[in-house]
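Single-structure report; data block below.
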2 protein chains.
Amino acid sequence: MVQLPEQPVTSSPAPSAVPTSADVARLAGVSRATVSYVLNNARAVRISEPTRRRVHEAAEELGYVPHAAARSLRAGHSRMVLMPSPNVPVGPLYSRFINELQWALGRLDYTVVQYAGMGLHGDAAARAWAELRPAAVIVPGAGLGPRGVQILKRSGARAVVILGPERVEGAHTLLLDHYGVGHSAGVHLLARGRRRIGVVIPQEPGLEYFSKPRLEGVRCALEDTGAAVTELPLAYEEEAAARIAARWRSLGLDAVFAYNDEYAMLLMRALQDDGVGIPEETAVVGADDLMLGRLLRPRLSTVHIELPSGHGLAELVDHVVRDPGSVPEAHKVLGTRIVHRESS
Amino acid sequence: MVQLPEQPVTSSPAPSAVPTSADVARLAGVSRATVSYVLNNARAVRISEPTRRRVHEAAEELGYVPHAAARSLRAGHSRMVLMPSPNVPVGPLYSRFINELQWALGRLDYTVVQYAGMGLHGDAAARAWAELRPAAVIVPGAGLGPRGVQILKRSGARAVVILGPERVEGAHTLLLDHYGVGHSAGVHLLARGRRRIGVVIPQEPGLEYFSKPRLEGVRCALEDTGAAVTELPLAYEEEAAARIAARWRSLGLDAVFAYNDEYAMLLMRALQDDGVGIPEETAVVGADDLMLGRLLRPRLSTVHIELPSGHGLAELVDHVVRDPGSVPEAHKVLGTRIVHRESS
DNA sequence: TTGAAAGCGGTACCAG
DNA sequence: CTGGTACCGCTTTCAA
């Protein structure tokens, strides 16, 4: 057997070439199989201590890092949980939830990956996600239909969990009850004796998925009560708020549901600057129960939203991955409750 | 040639098995090579129109989605940009920047992936990222040293860009000048005639990477001026702020730099509730130039931070990926400037 | 205890 | 114009 001089025997490794397990094997003087056994602590097979050491040293010296794609290709499955990142600005409430979820999934040994889809919609997006062959997909918001779910399932996703406004065939849905948010606010304002209620509609694109059901919830709460709803389009800018405030008295409203606490702060400030008394003249209710609501004067009444715990969702995902069908398309509804402070 | 009855000829496809390009080929009655050519619009090869149609139909019928791992394994490289997601709560400023960056990279045909590392630190984290063989890595914050950079580079990353407080050997660094944020605030308060300056230190874990350099910046600005700094540890809770406010006059401070606008709002509210005059008795300066600062009364002075445009950073990444070395370890410093309003 | 070899799913070269 | 085939890097039987 002739030794081909692929590389000079000097210790300088091939420059700018990514080391593979074969390189490690060569350097350690063993086979690739042995390298795999050692680095994965294979329990089914016993490798002598000197060999283990040589392999580890070789791996260390070369700076070897296994290739995840090759591994999961061979394994036929991965432990990746894919979460398309919403391309709308998300609030602090939601990002805390995401953080918690990621942490909990990490503890269950999943690799959580947020995927920036940029503008892909519906089935095209689903196809792009499916290319990564994730074990599970967690989709926030609307935009994924039954077809998309099927694409994901057919390409190996064991769990598809949707955090959205409505049930989707084939997926486990956690209903985010934005309708209920508006409903709570409406009921509350009604109980406080208000009858002409404004509802802020954010003009920022991407928020309509949330704002429309919230509006609908208010509408529904007021049905057959003699109270009326007025839509108030509002961009998140001081000037826009000032314009609304300037014509406030002509609107003749005695209450406003401001979509969330941040828009509530924006509008409340503009109203106060124009001398509108809160809550005497106009009651204000926000949503999300952020810290800033407690810091306003008067303190802001708000709709507290009970997101599922990231921990709980992580366990749901894990259950479904391990045994799809064991959890029966559980679509839970999430709680909302009014927090009455001083602004209403 | 005998036709083996692998499947009954009924249209029901193999259940619960992920279709591969081989399945598509079989169904279309062509070879895998042809399938690949058709689905990738290979320009070097001309495939007859009828064949193309058959392949597309077969792919459609099976719900075929290519396997990204297999593809990039074969190709030897990917167009993935990996961005470890910071496990500290990020503000709206930063998340807007991230969004913009993801969008811009998407336009350049990169697949942006945010990776939740959960608790992995330094080299271990770098190794976990390297397993995915990304074309580029964008690391926010500190925590990645030269060794980690080398691990990434050795495993094929063409670009490593760090958004952090200090230069790291081997990586392209964009210095986020938190030191400068504090410095701007200090200089401003000094110019307004303040001499005894408090600096809020958030107690939330993970924020020390930002708060320490900001504090240092204030310290440095006051050096040899006879002015003095007092550290004010503060958790993001009303009670904590109230406790500080209660002993405020005993602290004898005439100004405070509140880390950012949110902490500024928290503290300012507590001070006002205790009757401390702002800015007469105590000047308050925040940072980040958030909308909420403009909504406070008095309006909040703040340090505006000039983040790089996501677009610009995306182009930097792209340049480095296409020709590493063409961009000389560019470490740019980001601008800060004071926005003087009413609270100081 | 270790090594040889067969694939996982795609791509791209080379023949036909 | 299309089919055969050799890889990419890794795991995992099966033999030695």
Side-chain angles (χ1 to χ4, degrees), chain A residues 1 14 17-55 58-59 62-80 130-135 154-156, chain B residues 1 14 17-55 58-59 62-79 130-133 135 154-156:
Chain A
M1 190 77 156
V18 181
T20 74
S21 81
D23 296 322
V24 177
R26 206 149 27 221
L27 183 57
V30 298
S31 75
R32 290 161 53 210
T34 306
V35 170
S36 178
Y37 290 142
V38 170
L39 296 184
N40 296 318
N41 287 319
R43 321 171 51 80
V45 90
R46 293 245 151 308
I47 306 284
S48 70
E49 204 45 52
T51 305
R52 305 181 73 87
R53 225 173 18 77
R54 291 222 313 286
V55 170
L62 294 178
Y64 169 71
V65 174
H67 193 307
R71 177 181 303 194
S72 72
L73 181 58
R74 172 64 223 235
H77 60 92
S78 74
R79 287 191 67 81
M80 186 200 308
E131 290 194 359
L132 298 181
R133 296 291 192 276
R154 280 192 80 81
S155 61
Chain B
M1 189 74 157
V18 181
T20 73
S21 81
D23 297 321
V24 177
R26 207 153 23 226
L27 183 57
V30 298
S31 75
R32 295 191 314 152
T34 306
V35 171
S36 177
Y37 290 142
V38 171
L39 296 183
N40 295 317
N41 288 317
R43 321 169 53 77
V45 195
R46 300 220 109 22
I47 306 283
S48 70
E49 205 44 54
T51 305
R52 305 179 72 86
R53 227 174 16 77
R54 292 222 313 288
V55 169
L62 293 178
Y64 169 72
V65 174
H67 193 308
R71 178 180 297 184
S72 73
L73 180 58
R74 174 64 228 232
H77 61 93
S78 73
R79 288 191 69 77
E131 290 194 358
L132 299 181
R133 296 289 192 276
R154 282 192 79 81
S155 61

Considering heavy-atom distances to DNA chain D, does R52(B) or A68(A) have its closest nucleotide positioned more toward the 5' end? R52(B)
Nearest-Å distance, [atom1] ([X]) to [atom2] ([N])?
X: N41(A); N: dT12(D); atom1: CG; atom2: P; value: 13 Å
X: I47(A); N: dG3(C); atom1: CD1; atom2: C1'; value: 10 Å
X: H67(A); N: dC8(C); atom1: NE2; atom2: P; value: 18 Å
X: L132(B); N: dG9(D); atom1: CG; atom2: P; value: 16 Å
X: L73(B); N: dG10(C); atom1: CG; atom2: C1'; value: 9 Å
X: R133(B); N: dC10(D); atom1: CZ; atom2: P; value: 6 Å
X: N40(A); N: dT11(D); atom1: CG; atom2: P; value: 5 Å
X: L62(B); N: dG9(C); atom1: CG; atom2: C1'; value: 15 Å

Looking only at non-hydrogen atoms, find the nearest pair between [X] and [Y] and report the distance.
X: A135(A); Y: R79(A); result: CB-CA, 4.4 Å
X: R54(B); Y: V30(B); result: NH2-CG1, 3.8 Å
X: A59(A); Y: V24(A); result: N-CG1, 3.8 Å
X: N41(B); Y: R52(B); result: OD1-NH2, 3.3 Å
X: P19(B); Y: R133(A); result: O-NH2, 4.3 Å

Remember a base hit wins even if backbone is also touched, and classify [X] as base, sugar-phosphate or nothing at under 4.0 Å, heavy atoms.
X: V55(A); result: nothing
X: R71(A); result: sugar-phosphate
X: V35(A); result: nothing
X: S72(B); result: nothing

Can you find a side chain N or O atom of [X] that sits less than 4.0 Å from OP1 or OP2 on [N]?
X: S36(B); N: dG10(C); value: no
X: S48(B); N: dC1(D); value: no
X: T34(B); N: dC1(D); value: no
X: T20(B); N: dG9(C); value: no
X: T51(A); N: dT2(C); value: yes

With respect to the side chain of [X], which nucleotide from [options] is positioned closest?
X: A33(B); options: dG10(C), dG3(D), dA5(C); result: dG3(D)
X: R32(B); options: dC8(C), dA4(C), dG10(C); result: dG10(C)
X: V30(A); options: dG9(D), dG4(D), dG3(C); result: dG3(C)

Please determine whether any donor N or O and acceptor N or O are separated by less than 3.5 Å between the side chain of R46(B) and the base of dC1(D). no
For the base of dC10(D), is there a side-chain donor-acceptor partner from Y37(A) under 3.5 Å away? no
Between T20(B) and R26(B), is a side chain to side chain contact (heavy atoms under 4.5 Å, CB included) present by the stated rule, with each step listed? CA-CA 10 Å; T20(B) 73; R26(B) 207 153 23 226; 5.5 Å; no
